[in-house]
Structures are given as C-alpha cells and as structure tokens.
Amino acid sequence: MKTKSYTPISPKLNENEQFFKDAIGVGTSFDLGVRKLHILKTDVHLYYCNGLCDTQYIIELLEMLVQVNDRERQPAKLLEIIENRLVHQQVNPVKSLDEAVDFLLTGLILLFIDGETKAFAVDVRSYPGRSPEEPDTEKVVRGARDGYVENIVVNTALTRRRIRDERLRFEMMQVGERSKTDICIAYIQDVADPGLVELIKKELNEIKIDGLTMADKTIEEFLVKQGYNPYPLVRYTERPDVAATHLLEGHVIIMVDTSPSVIITPTTYFHHVQHAEEYRQSPAVGTFVRWVRFLGIFASLFLLPLWFVFVLDPSLLPEKLSYIGPNEKTNIPIFVQLLIADIGIEFLRMAAIHTPTPLSTAMGLIAAALIGQIAIDVGLFVPEVILYVSVAAIGSFATPSYELSIANKIFRLLFLVVIALFGVPGFMIGVTVFLLFLANIRSLNTPYLWPFIPFDPGAFMQIIVRRSVAGSSIRPSIVHPQNKQKQPT
C-alpha cells in the first residue's frame with residue numbers, strides 16, 4: 001500500500017478548493033459539492049458528498065451557522081464560535097487535506113474557514129441500506145428475527161446490544177488503496193487471546209490491494225491464504241446472536257462494511273456443522289436435530305460413493321441388503337449417470353439462485369415432473385440413481401454452512417472418479433487421503449479437525465451432544481481464552 005502523503009490545509013480557501021477539484025473532482029463529479037457561506041465577514045466553505053450524508057442534519061447545521069451573523073460580534077474568535085455551534089456528538093478536527101479527502105469520501109461533511117489551517121469534519125453519514133431482517137440462510141423456528149445488514153455501524157450496534165460489556169472492543173481500520181473499506185475487529189478484551197488479536201491485525205495491515213469489491217470474501221483470502229482448498233477456514237454468519245456467542249467464547253469477529261455477513265475466527269470443521277436452531281430448543285431436541293443434521297452431512301459426502309461401490313461389487317452386501325443396486329439394465333454406465341445427475345442438481349441450484357422468486361416454484365415443478373421422470377422413462381437414468389442423488393442433495397441443503405456443502409460436493413465427485421478408476425481399493429484410499437487432508441489443514445494456527453484430531457474428549461462430547469447452557473461453564477480451549485470460565489464464581 002502506498003505511503004500516505006501529507007498536504008497541510010492552506011489558510012486560503014481558494015487553494016483548498018483547487019486541491020479538491022484536482023484530487024477528487026469537486027465540480028466535475030455531480031455528487032461532490034461545496035456550499036459557500038459568509039459568516040462574520042469571513043468566508044466559510046462546506047464540502048459534502050450527496051447520497052452518503054443526511055441532508056436534514058446538514059440543513060440544521062447551516063441554520064446554526066447562519067444565525068452566528070445575528071448573535072455574535074467577534075470575528076477574531078470565529079473558529080471557536082463555529083466549533084461551539086456544530087451541534088453534533090461527533091466533530092473531529094482535521095489538519096491535512098489528505099485526511100479531509102478520506103473523511104469527505106466516507107460521508108462526513110467538512111468545514112473550512114478562511115485564514116485557518118484547521119478544518120472540522122462532522123459525521124452526518126446516512127448510508128443507503130435496508131433494515132435488519134432475518135437472514136435467509138440461517139432461519140430458526142424460535143429466536144431473534146434481526147440480522148446483520150450492509151452498514152457496519154448498524155452491525156456493531158446489533159452486537160453491542162447483546163453484549164453490554166465494557167471490555168467489548170470494536171477496532172476500526174481501513175483496507176484498500178482506492179476503496180478505503182472500513183473493517184472492524186471485534187473481541188472481548190479479557191477473554192480473547194491477545195496473540196490471536198495481534199495476528200489478525202498484522203494480517204489485515206499487510207493486505208495490499210486497490211479495492212475490496214467482494215468485501216469479506218477478499219479479506220478471507222488474504223487472512224487465511226486458502227489457495228485452492230475448497231473447505232472453509234472461517235465461518236460466516238449474518239445472525240448477531242451467533243456472533244455474540246462466539247465473542248463470549250473467545251473468538252475474534254471481523255466486520256467489513258458493505259457486507260451483511262461477518263467473519264468468525266478461528267474455526268474448525270465442526271463449527272460449520274452447527275446451527276442456531278440447536279440452541280433455540282431444549283438440549284434433548286437440540287441433540288436430536290444435531291444428529292439428524294450430521295446424518296444429512298454424512299449422506300451428502302459418502303452416500304453416493306458407498307452405493308457406487310456396492311454397484312461395482314455386490315458381493316460386499318449382506319444377503320438381506322442384496323436389493324441395493326440398479327434393478328434395471330441400462331446402456332449408460334452408472335458412473336456417467338451419477339455424474340450427469342449430480343451436476344444436473346447443481347444446475348438446478350444455480351438456476352434457483354438466478355430465478356426470480358415467483359418463477360422458482362414453476363422451475364422446481366418442471367425439474368421434478370418433466371426432467372426427472374422423462375429421463376427415467378427414456379432410459380437415461382435408472383430410478384435408483386435419481387433416488388440416491390436426491391438424498392445426497394438434500395443432505396447438502398441440510399448442511400448449515402453453504403461453503404462446506406459445496407466443498408463436500410466436490411470431494412463426493414472426486415470419490416466417484418477414484419472408485420470408477422480403482423474400484424473398492426480406490427474408495428478406501430480416497431477416504432484415507434481425504435481424512436489426512438483435513439487433518440493437515442490449519443486455520444490461523446488452529447487444527448481443522450479439533451476436537452477429533454487432536455482428540456479432546458470433553459470438547460468432542462460437546463460436539464456430539466448439545467449440553468445445557470448451565471452445564472457448559474468452560475470456554476473452548478481451541479481459542480486459548482484468557483478467562484476459561486463462562487460463569488463467574
């Protein structure tokens with residue numbers, strides 16, 4: 001990233017105005033403007049950016065400034081008078097034009113006074129956006145209906161509302177030479193590992209890029225250096241209650257302006273298989289829901305490869321399960337059918353994303369009634385292929401993390417290819433390599449398969465069984481919390 005230049009504020013307003021014209025296009029860009037006032041025989045310039053400012057606040061400030069001519073008679077103290085008349089809770093002094101440019105393009109208004117080398121920045125930002133609503137991908141039967149939005153200030157407020165701890169910290173920084181995107185690091189000071197906080201700050205400060213148009217996803221790629229590993233190394237959430245829970249456990253949250261989802265770090269594989277619904281029900285119901293979800297995730301990954309193994313070698317099946325396998329003869333190899341059907345499901349998923357909501361129901365009927373049934377009738381697929389591919393697809397949809405479901409799908413297809421090439425030994429080798437691959441992944445120095453590898457019996461039982469809140473008094477050791485006790489003694 002380029003070194004910040006320093007251009008002092010000139011006491012001559014025309015020189016400052018020329019700087020803004022040359023640097024950011026005031027007078028050329030329609031959304032950047034200047035309002036020129038004459039107060040106590042002194043020129044005052046107010047710079048603003050349309051669309052990012054609340055016009056009502058600006059009008060109120062202008063009224064207060066204009067009334068100075070009627071109430072004051074000391075031009076020598078104009079700087080102090082104007083500072084006192086800026087009736088707003090957030091007024092910052094500005095000492096350089098470069099800093100002023102950053103403030104202006106962020107949505108603050110700037111006040112320059114003729115003869116002064118100091119200006120004022122007033123925060124009257126009002127970013128366009130939507131109101132908090134329940135995220136589509138993290139719905140719950142019982143629970144809060146608010147969710148994060150694209151405004152980072154609203155997101156910090158939603159989090160602060162749930163954790164009113166004086167030790168909760170929101171540290172702001174900017175990343176992107178051109179975009180200057182606001183990024184907030186949230187953590188609880190006496191809980192989060194200071195080493196983790198410093199590591200994340202260090203990684204963010206080392207990001208060198210012109211802009212973050214893809215917001216949090218770009219930050220993730222710089223932060224964890226994922227490369228072509230399909231498995232998610234951070235967790236995304238749009239629910240403030242989920243983010244607050246992780247903050248209390250000792251995690252660090254990264255919020256990026258313009259993104260409705262926040263990044264939870266560090267995370268393991270098992271963070272991606274849990275859902276807020278499990279904690280909105282009783283421990284018994286939550287455990288049942290969790291086991292059903294685990295079964296769906298297992299089916300999404302291993303059901304098709306296992307069935308394909310039994311198709312290639314029916315002798316592996318006990319006699320009572322000998323009906324498993326294609327009961328009809330077909331001219332198309334089962335492997336080809338599985339690939340076509342599995343990729344076809346992916347076509348439908350993509351089409352559902354890009355199809356307007358009123359048409360998505362009709363698209364589903366067409367896919368089920370026409371494509372699926374007719375494909376079976378013409379002999380393109382045997383019915384069992386459609387059945388098992390559909391069950392695997394449902395398991396993918398039951399996976400809480402969208403990124404994890406796609407990664408599992410990629411490896412499911414790789415398992416099918418290995419089995420088609422090497423048969424049963426290929427399946428065994430593929431699963432072994434898959435587990436070794438996951439065991440070697442580390443996210444911000446965190447083992448990806450913890451608490452399974454390395455094995456932690458207590459933490460592993462909390463993954464298998466949803467314990468009651470009253471019985472969970474220890475924070476997860478994987479985040480190295482400073483204060484391990486959740487419940488104060």
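Along the sequence shown, residues are numbered consecutively beginning with 1.
The nearest pair of heavy atoms linking Lys180 to Asp102 is CE-OD1, 2.8 Å. In plain terms, the two heavy atoms of Ile152 and Met172 that are nearest each other are CD1-SD, 4.0 Å. Taking each heavy atom of Ala192 and Val197 in turn, the nearest pair found is CB-CG2, 4.1 Å.
Counting only N and O atoms by type, the side chains of Glu150 and Tyr127 include no donor and acceptor under 3.5 Å apart.
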Could you list the donor-acceptor pairs under 3.5 angstrom formed by side chains in residues 50-57, with sequence neighbours left out?
residue	atom	partner	partner atom	Å
Asp54	OD1	Gln56	N	3.1

Which atom pairs, donor and acceptor, lie under 3.5 Å between side-chain atoms of residues 449-467 and protein residues at least two apart or in another chain?
residue	atom	partner	partner atom	Å
Asp456	OD1	Gly458	N	3.3
Asp456	OD1	Ala459	N	3.3
Arg466	NE	Glu278	O	3.2
Arg466	NH2	Gln281	O	2.5
Arg467	NH2	Gly471	O	2.8

Identify all side-chain donor-acceptor contacts of residues 410-419 below 3.5 Å with residues at least two apart in sequence or on another chain.
residue	atom	partner	partner atom	Å
Arg412	NE	Asp342	OD2	3.1
Arg412	NH1	Ser300	O	2.5
Arg412	NH2	Asp342	OD1	2.8
Arg412	NH2	Asp342	OD2	3.2

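With sequence neighbours left out, the side-chain contact (heavy atoms from CB on, under 4.5 Å) criterion links Ala100 to Phe20, Val94, Leu110, Phe112. Not a single side-chain hydrogen bond (donor to acceptor under 3.5 Å, both in side chains) links Ser405 to another residue, sequence neighbours left out. Judged as a ring pair (Phe, Tyr, Trp, His ring centres under 6.0 Å), and not counting sequence neighbours, His480 has no contacts. Shown here are the side-chain contact (heavy atoms from CB on, under 4.5 Å) partners of Leu248, two or more places apart in sequence or in another chain: Ile163, Ile188. Leu105 pairs by the side-chain contact (heavy atoms from CB on, under 4.5 Å) definition with Ile24, Leu32, Val101, not counting sequence neighbours. Under the side-chain contact (heavy atoms from CB on, under 4.5 Å) criterion, Thr432 pairs with Leu436, not counting sequence neighbours. Tyr148 is linked by a ring pair (Phe, Tyr, Trp, His ring centres under 6.0 Å) to nothing, counting only residues two or more places apart in sequence or in another chain.
Arg162 places a side-chain N or O within donor-acceptor distance of the main-chain N or O of Leu158, the cut-off being under 3.5 Å.
Ring geometry for Tyr47 against His45 counts as perpendicular: the plane angle is over 60°, on a 0 to 90° scale with 30° as the lower cut.
Residues Asp182 and Gln174 meet the side-chain proximity criterion, which asks for heavy atoms closer than 4.5 Å. Val140 places a side-chain heavy atom less than 4.5 Å from the side chain of Glu134. Within the 4.5 Å cutoff, the side chain of Pro447 has heavy atoms near those of the Ile478 side chain. Taking 4.5 Å as the limit, every side-chain heavy atom of Ile9 sits out of range of all side-chain heavy atoms of Lys95.
Sorted by first and then second residue, the pairs that involve residues 186-200 and meet side chain to side chain donor-acceptor pair (under 3.5 Å), not counting sequence neighbours, are Arg167-Asp190, Arg169-Gln189, Glu171-Tyr187. Applying the side chain to side chain donor-acceptor pair (under 3.5 Å) definition to pairs two or more places apart or across chains, those involving residues 218-232 are Glu203-Lys225, Lys217-Glu220, Glu220-Tyr236, Tyr231-Asn408.
Interatomic distance, Ile207 CD1 to Ile219 CD1, rounded to the nearest 0.5 Å: 3.5 Å. Going from atom NE2 of His246 over to atom CD1 of Ile253 covers 7.0 Å, rounded to the nearest 0.5 Å. Distance check, rounded to the nearest 0.5 Å: OG1 of Thr213 to CZ of Arg178 gives 13.0 Å.
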